[in-house]
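Structure record follows, encoded as structure tokens.
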There are 2 protein chains.
Amino acid sequence: MSKKITIYDIAKELNITAATVSRALNNNPKISKVTRQLVADTAAKMNYKQNKLALALKSGKSYNVGVIVPRLDSNFFASVIRGIEEELHPYGYHVIICQTRDDKNLEIENIDALLNAQVDGILMSISNVSTEQNESFERILKKNVPLIFFDRKANIDGVSTVTINDFQGAYEATKHLIAQGCKRIAHLSNNRLIEIFRDRYLGYKQAILDSGLEFDESIVIEAISNVEDGRKITKSLLELDNPPDAIFSSSDFTALGAIQEIKAHGLKIPEDICVAGFANEPFTKFMELAITSVDQSPLEMGKMTAKVFIEQINKKEIVKIEKKVVLNPKLIIRESSLKKQH
Amino acid sequence: MSKKITIYDIAKELNITAATVSRALNNNPKISKVTRQLVADTAAKMNYKQNKLALALKSGKSYNVGVIVPRLDSNFFASVIRGIEEELHPYGYHVIICQTRDDKNLEIENIDALLNAQVDGILMSISNVSTEQNESFERILKKNVPLIFFDRKANIDGVSTVTINDFQGAYEATKHLIAQGCKRIAHLSNNRLIEIFRDRYLGYKQAILDSGLEFDESIVIEAISNVEDGRKITKSLLELDNPPDAIFSSSDFTALGAIQEIKAHGLKIPEDICVAGFANEPFTKFMELAITSVDQSPLEMGKMTAKVFIEQINKKEIVKIEKKVVLNPKLIIRESSLKKQH
DNA sequence: CTGTTAGCGCATTCAT
DNA sequence: ATGAATGCGCTAACAG
């Protein structure tokens, strides 16, 4: 194990002080060109590497940001994180990732751990809503650590957010289904305590009302975001006396389950029933019967979240700043909802 | 902004020394029950939080590990990272993620940055092979920082690896195609300087030779791992005078491209041509025509990689230890290669 | 059982 | 332009 080289070692080598070495390395203008060069050369020769930990302790900046997501192995979150990493990399920031698995205790634990690790900011998508977390959020803000929510947000003073317009996405998707001639559109929803799901529900509802169709709350059903639940609920819908002629799902996975179940019932898509999902997961375009979905541009969301963080860091004022960025969703129309000539 | 509370603050409050506070907080047995309790109480009251940065500088352990992958938004890598995070979380380790985007300069840069940040270990999947990186790897080892490769490895002394048996996976997939009656199996390969792709190629080749079939190098073609390249190359294969009756692809994405192209040519799968991929990406099972693929159990790979790291950390010896874990692949047979009654 | 001292590696204020 | 001294927050060796 090669011994660690510090600025003291290179100071000793040159018979100068560590302070001078530090200044030279940091391009302090008060240092003469010669010593600066000398220091640079011997630093390189001795293979010196700055210990960021010491710097962090001294400066109070760790150059680490914490990113908290419900889970990593979903294309959406992975893409957001990719965006964050790519945007932050040029600034020298590193990304520490935490998963909550939708467990609010884990969320609180992660926040505390990140705070103790002295991260310079926390970017997160909340997993749940409860008053306990609000205390955690307050703790972050009290420490003057920038907190930014992306996608799944809570409404808290002083917290910036980056989201897509979920209402709009759902509204457009539903309007599209209506334009295809669908008159009885069911909605596979999700936990509406979470804002994005509530907004999607509201957008769906508004589109129906705006079109003069009958709104039937009984065909709005809460589902867990997976294929099995999509199938199960769709089965119950198809068995109704008055089954729907379209399904708008707040998740691509439940939409897929719906499609499988519809086919199992011998019905045709999109002729008999149209289906649209939400998130534009990669598989939706790979399917034989490609699935209509709402794209959330996760990469851009990640980059934007990082940008907001950088802005926040650069503000000198102690004033609480908050910025609400709302990205536009893009409806991607595919076979699952596109009727030929109607 | 609430002022930061240190052990000095709580020491002053109690008219004792910071050292005593530190000891009490760390449950040092030499501290009396009363003071320990007193310290604990006032710490809680004053809302004290340990500064991990100071601890890290002092102890030389940052409790951060760096994870370097080519990209984040692939289900495989995201799942591996999930496994790493979940396994490491109970030990108090945090995961810093870096992407190389298959750029070796970025890879080297990331390694240096992680080293400067004093990570306790580096877990990575290499993006390329070149002598320049070897210097980086040497730098890691010289600092006595555990280095563990997963999936895409290089063969370096003192470095542990966690991989799946790619040869075996490819061998079984090819054998399966042969068992379906296929006699002329093409292989969509990938950069064979990377060991996993070379091994898949070799497994494929061995299966053909072991079965007494003719091995034809001209239908082994290197592709980039995406749908477009899969289509393009498959097109050229189908236009041969002597087209293949099966395609074994080292990537699910090229396998999907192959399927699309085969259908576009009016051929039937699996009746006319069988197709198998590699990686068991989620979409392979979602497809209408589900794709046969080789599962790499990424979650387990991640957990295992983390376990090997923990083991390595706990070894007291300075001796270089290396462990080579090889996980078993699982062939998942689906419609794209399963002929009915032949 | 507790206080004193010192050091992890760095940057910075105050000298000169 | 450079040196000396100090502190970031913590733990550990050495005293007592």
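Naming: A, B, ... by sequence-line order, numbering from 1 per chain.
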Below 4.0 Å: OP1/OP2 of D:dG3 and any side-chain N or O of A:Thr20: yes
Shortest side-chain distance from B:Ala19, nucleotide among C:dT12, C:dA11, D:dA12: D:dA12
Centroid-centroid under 6.0 Å between B:Tyr91 and B:Phe309 rings: no
Residue mapping more 5' on DNA chain D - nearest nucleotide basis, A:Val21 or B:Ala18: A:Val21
Nucleotide D:dG9, atom P - distance to CD1 of B:Ile5 in whole Å: 11 Å
Steps toward salt bridge (Lys or Arg N to Asp or Glu O under 4.0 Å) verdict (A:Lys142, A:Glu138): CA-CA 6 Å; A:Lys142 271 217 188 88; A:Glu138 286 305 325; 5.6 Å; no
Check: B:Arg36 side chain, C:dT2 base, donor-acceptor under 3.5 Å: no
Touch class at under 4.0 angstrom, heavy-atom based, for B:Ser32 against every strand present: sugar-phosphate
Ring geometry between A:Tyr93 and A:Tyr63 (parallel below 30°, tilted from 30 to 60°, perpendicular above 60°): tilted
A:Lys324, NZ atom: more than 12 neighbouring heavy atoms under 6.0 Å: yes
N or O in side chain of B:Thr17 less than 4.0 angstrom from C:dG3 OP1/OP2: yes
Length of the CD-P vector between B:Gln118 and D:dC10, whole Å: 19 Å
Length of the line joining A:Lys61:NZ and D:dG9:P, which is rounded to integer Å: 17 Å
OP1 or OP2 of C:dA11 under 4.0 Å from side-chain N/O of A:Asn26: yes
Sugar-phosphate, base or nothing in reach of A:Leu55, heavy atoms under 4.0 Å: sugar-phosphate
Sugar-phosphate only, base, or nothing, as touched by A:Leu53 at under 4.0 Å among non-hydrogen atoms: nothing
DNA chain C: 5'-proximal contact among B:Ala54 and B:Asn15 (nearest heavy atom): B:Asn15
Rounded distance (Å) that lies between atom P of C:dC1 and atom NZ of B:Lys30: 10 Å
Euclidean distance, atom CG of residue A:Asn27 to atom P of C:dT12 [Å, nearest integer]: 13 Å
Side chains of A:Ser160 and A:Gln312, donor plus acceptor under 3.5 Å: yes
Value in whole Å for how far the P atom of C:dC10 lies from CD1 of A:Ile10: 10 Å
Verdict with reasoning, B:Asp102 to B:Arg71, per salt bridge (Lys or Arg N to Asp or Glu O under 4.0 Å): CA-CA 8 Å; B:Asp102 283 317; B:Arg71 67 199 60 80; 2.4 Å; yes
Value in whole Å for how far the P atom of D:dC10 lies from NZ of B:Lys4: 10 Å
Sugar-phosphate only, base, or nothing, as touched by A:Thr6 at under 4.0 Å among non-hydrogen atoms: sugar-phosphate
Short side-chain N/O contact from A:Tyr8 to OP1 or OP2 of D:dG3, under 4.0 Å: no
N/O (side chain, B:Thr35) to phosphate O (OP1/OP2, C:dT2) under 4.0 Å: yes
Proximal nucleotide (of D:dG9, D:dA4, C:dG3) relative to the A:Leu57 side chain: D:dG9
d(NZ, A:Lys58; C1', C:dT13) in whole Å: 9 Å
